[in-house]
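Everything on this sheet refers to the single structure shown next.
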Amino acid sequence: MSESKRLFFAIEIPAPLPRQIVRWRAGHFPPEAGRPVAAASLHMTLAFLGDVSADKQRALAAMAGRIRQPGFTLHLDDAGQWLRSRVVWLGTRQPPRGLLQLANLLRAQAARSGCYQSPQPFHPHITLLRHASHAVAIPPPGFSWSFPVTEFVLYESVSGQGRTRYRPLQRWTLNE
Ligand code: 2AM
């Protein structure tokens with residue numbers, strides 16, 4: 001029997017943004033605010049798949065490969081904290097329609113394939129700090145970062161030696 005992998009679809013944050021984000025975070029949150037996500041691990045999840053067998057991964061990848069939609073621009077102009085999930089995040093005040101469409105499609109395909117999907121609507125965000133269990137002051141986002149989203153990525157979440165890494169497995173281009 002083949003082993004399952006912990007997978008999710010996400011948007012990669014292109015260079016040099018991860019470094020700029022990490023610099024902004026270091027200037028605005030004290031070390032005790034939470035555990036920082038490494039620059040190389042910053043991403044925006046589109047659909048979390050959970051533990052997936054090799055067969056199901058192939059089926060999900062085939063469906064992802066049939067998605068046809070144009071790219072879009074993502075503006076990062078918002079930040080906040082969710083105490084329940086203990087994360088501090090960056091986000092977008094006005095998610096582009098393309099982002100919502102892509103996430104909803106991937107989530108629907110995942111649900112049809114038997115991957116549990118939360119009934120909560122999609123809340124696009126990039127997690128900056130984990131284990132942020134105490135309310136922290138969220139600075140007004142004095143940044144205005146934008147980038148074109150031209151592809152989406154299937155990632156594997158790999159845990160070991162007390163840390164989690166996200167490994168890109170496969171990419172699909174968004175085009176007209
Ligand atoms: P988070 O950043 O808000 O914690 C890899 O774990 C990615 O999948 C993370 O971005 C994480 O979101 C998301 N994720 C993990 N477990 C999840 C779940 N049960 N439902 C939705 N997203 C999840």
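Indexing begins at 1, ligand by ligand and atom by atom, following the structure's order.
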For this session: Answer yes or no: is there an ion pair linking Arg165 with Glu156, defined by an N-O contact shorter than 4.0 Å?
Result: no
Problem set entry | Side-chain donor-acceptor contact under 3.5 Å, His75 with Thr92 | no
Exercise. For the residue pair Trp89 and His123, is the inter-centroid distance of their aromatic rings smaller than 6.0 Å?
Worked result: no
Problem set entry | Aromatic ring pairing Phe152/Trp172, orientation class (parallel under 30°, perpendicular over 60°, tilted between) | parallel
For this session: Look at the rings of Tyr155 and Phe8 and say which category their plane angle falls in: under 30° parallel, 30 to 60° tilted, over 60° perpendicular.
Result: parallel
For this session: Non-hydrogen atoms closer than 4.0 Å to ligand 1: which protein residues do they belong to? List them by chain and number, please.
Result: Phe8, His43, Thr45, Phe48, His125, Thr127, Arg130, Tyr166
Exercise. Can Ser4 and Ser53 be counted as having a side-chain donor-acceptor contact under 3.5 angstrom?
Worked result: no
